[in-house]
Amino acid sequence: MKKIDAHAHIGDFGSWAGVDGSPEQLIAFMDEYEIEQTVLCAKDHTGNEGVAEATARYPGRFIPLVYLNPLEGADICREKVETYVDGKGFRGIKMNPLRHAFVADDTAVDPVMEMARSRHLPVFIHSGHPPYSLPWSIALLAERFPEVKTVMIHMGHGHGVYIDAALKMAKRFPNIYLEMSGMPMGVKIRQAYEEVGHDRIMFGTDYPFHHPSVEIQKVLTCGLNEAAMQDVFYNNAKKLLGE
């Protein structure tokens, strides 16, 4: 079954995480588990050049995202978008409110969303951890920018209440998309497919935090038929990112 991994990183996370991911290991996993392409970002806003290098080293395998910290200010974010999106063909934007300590719907994020809107870029946002990256805050941001396709990475992550909120917010706002890495409840993948929309739930691994085989099994055992699983594994990411 064809697959696009809608969320992975390269870089050394260190500290409490104690994980690191290299382009070479990621490519090896992709080949082993028949993942055609991976939506790739750095460990944080300092690693965009490494993503550019990996994308050039493995043509056609990575779909790069520029990682931004809106607290650096609009000018620095704009410079990075111009360098990596306009100049190097990156295909979207990644932000992590938890890592950089801003609430997802803070007005500091608005210039980034405006850049995404003007370039028709999807924005990928970490979700599932209080107080910064809760689904409700991401939904408030998506409501302010209905033209921007906003991907709620992890669809609430490991907390049942946040997973439920991710589904409810995605049903309310049609520009919210869901990615399921790190979310433990396979049945919620099926629920998202059936209730949110057939084209708004995507497979991801969150490499190097999770092994591809674990995330793949969640989709395979979620209760969807083969055609629906192909949407989750491949078609939806392909459509979102214009592949």
Side-chain angles (χ1 to χ4, degrees), residues 1-8 33 35 37-39 63 65 92 94-98 104-105 122-130 133-143 145-146 148-207 209-243:
M1 191 172 291
K2 297 170 72 174
K3 303 179 192 72
I4 293 174
D5 179 352
H7 181 224
Y33 293 98
I35 298 171
Q37 294 180 293
T38 289
V39 179
I63 304 167
L65 305 179
K94 162 73 182 288
M95 292 185 286
N96 189 336
L98 178 67
D105 65 318
V123 173
F124 289 63
I125 305 180
H126 177 96
S127 77
H129 294 94
S133 59
L134 293 176
W136 301 279
S137 296
I138 296 171
L140 289 171
L141 180 67
E143 183 181 30
F145 294 91
V148 178
K149 293 177 180 178
T150 303
V151 181
M152 201 181 293
I153 300 167
H154 312 305
M155 57 183 292
H157 224 290
H159 195 301
V161 172
Y162 303 156
I163 296 166
D164 180 63
L167 289 163
K168 286 176 177 174
M169 295 301 98
K171 284 192 282 188
R172 181 171 296 185
F173 300 107
N175 59 319
I176 292 179
Y177 291 68
L178 302 173
E179 182 274 334
M180 46 62 64
S181 65
M183 192 281 299
M185 302 174 67
V187 67
K188 295 300 182 181
I189 299 171
R190 185 183 71 196
Q191 185 179 350
Y193 187 86
E194 294 175 345
E195 297 182 10
V196 173
H198 293 180
D199 62 347
R200 288 201 282 142
I201 171 68
M202 297 177 291
F203 160 74
T205 66
D206 198 22
Y207 170 86
F209 288 91
H210 308 126
H211 196 281
S213 63
V214 174
E215 301 301 331
I216 289 169
Q217 283 300 314
K218 292 177 191 176
V219 180
L220 292 176
T221 59
C222 74
L224 292 173
N225 63 34
E226 187 168 335
M229 284 193 292
Q230 188 66 91
D231 287 338
V232 176
F233 272 132
Y234 185 82
N235 295 334
N236 294 345
K238 185 178 179 69
K239 180 179 177 182
L240 176 67
L241 291 151
E243 285 296 300

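Basis for what follows: all heavy atoms, side chains included, without hydrogens, waters or symmetry-related copies.
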### Under 3.5 Å donor-acceptor, Lys188 side chain and Ile163 backbone
no
### Query
Nearest 0.5 Å, what's the NE2-CG distance between His129 and Asn96?
9.0 Å
### Query
Looking at side-chain heavy atoms only, is the closest gap between Asn235 and Asp199 below 4.5 Å?
no
### For Ala166 against Pro135, the heavy-atom pair lying closest together
N-CB, 3.8 Å
### Task
For the pair Gln230 (side chain) and Met1 (backbone), establish whether a donor and an acceptor sit closer than 3.5 Å, ignoring hydrogens and angles.
no
### Query
Is there a side-chain contact between Ile4 and Leu241 (heavy atoms, below 4.5 Å)?
no
### Query
Cation-pi between Lys3 and Phe233: NZ/CZ under 6.0 Å from ring centre and within 45° of the ring axis?
yes
### Summary
Closest non-hydrogen atoms of Asp206 and His210, given as atom of the first, atom of the second and distance, are CB-ND1, 3.5 Å
### Message
Is there a side-chain contact between His126 and His157 in this structure, where contact means two heavy atoms from C-beta onward sitting under 4.5 Å apart?
### Response
yes
### Query
If you look at every heavy atom in Pro130 and Tyr162, which pair is closest and at what distance?
CG-OH, 3.6 Å
### Task
Search all heavy atoms of Phe124 against all heavy atoms of Ala6 and return the closest pair with its distance.
CE2-O, 3.4 Å
### Task
Compare all side-chain heavy atoms of Phe173 with those of Thr150 and state whether any distance is below 4.5 angstrom.
no
### Task
Report the C-alpha distance between Met202 and Val39 in whole Å, list the side-chain angles of each, state the deciding distance to 0.1 Å, and finish with yes or no for side-chain contact (heavy atoms from CB on, under 4.5 Å).
CA-CA 11 Å; Met202 297 177 291; Val39 179; over 6 Å; no
### Query
Could you state the interatomic distance from CG (Leu224) to CD (Glu194), rounded to the nearest 0.5 Å?
6.5 Å
### Step-by-step side-chain contact (heavy atoms from CB on, under 4.5 Å) determination, Met155 to Met152
CA-CA 5 Å; Met155 57 183 292; Met152 201 181 293; 5.5 Å; no
### Message
Within the 3.5 Å criterion, strictly below it, is a donor on Tyr207 or Asp5 matched to an acceptor on the partner's side chain?
### Response
no
### Summary
Rounding to 0.5 Å, atoms CG (Leu167) and CZ (Arg172) come to a distance of 13.0 Å
Can you list, pair by pair, the side-chain donor-acceptor contacts under 3.5 Å of residues 174-187, counting residues two or more places apart and other chains?
| from | atom 1 | to | atom 2 | distance (Å) |
| --- | --- | --- | --- | --- |
| Asn175 | ND2 | Ala142 | O | 3.0 |
| Asn175 | ND2 | Phe145 | O | 3.1 |
| Asn175 | ND2 | Val148 | O | 3.0 |
| Glu179 | OE1 | His154 | N | 3.0 |
| Glu179 | OE1 | Ser181 | OG | 3.1 |
| Glu179 | OE2 | Ser181 | N | 2.9 |
| Glu179 | OE2 | Ser181 | OG | 2.7 |
| Ser181 | OG | His154 | ND1 | 3.1 |

### Message
Under a 3.5 Å distance rule, please check whether Asn236 uses its side chain to pair with a backbone N or O of Asp231 as donor and acceptor.
### Response
yes
### Task
Dump the intermediate steps for side-chain contact (heavy atoms from CB on, under 4.5 Å) on Val219 and Ile189, then the final yes or no.
CA-CA 7 Å; Val219 180; Ile189 299 171; 4.2 Å; yes
### Task
Only counting residues at least two apart or in another chain, list the ones meeting side chain to side chain donor-acceptor pair (under 3.5 Å) with Glu195.
Lys171, Gln191
### Task
Taking the six-membered ring for Trp and the single ring otherwise, decide whether the centroids of Phe209 and His7 are under 6.0 Å apart.
no
### Query
Do you know which of Leu141, Ile153, Leu98 makes side-chain contact (heavy atoms from CB on, under 4.5 Å) with Ile125?
Leu141
### Message
Just so I know, are the side chains of Ile216 and Phe203 near enough to count as touching, which here means a heavy-atom distance under 4.5 Å?
### Response
yes
#### Entry: Closest approach of Ile138 to Ser133 (non-hydrogen atoms, all atoms of both residues)
CD1-O, 4.0 Å
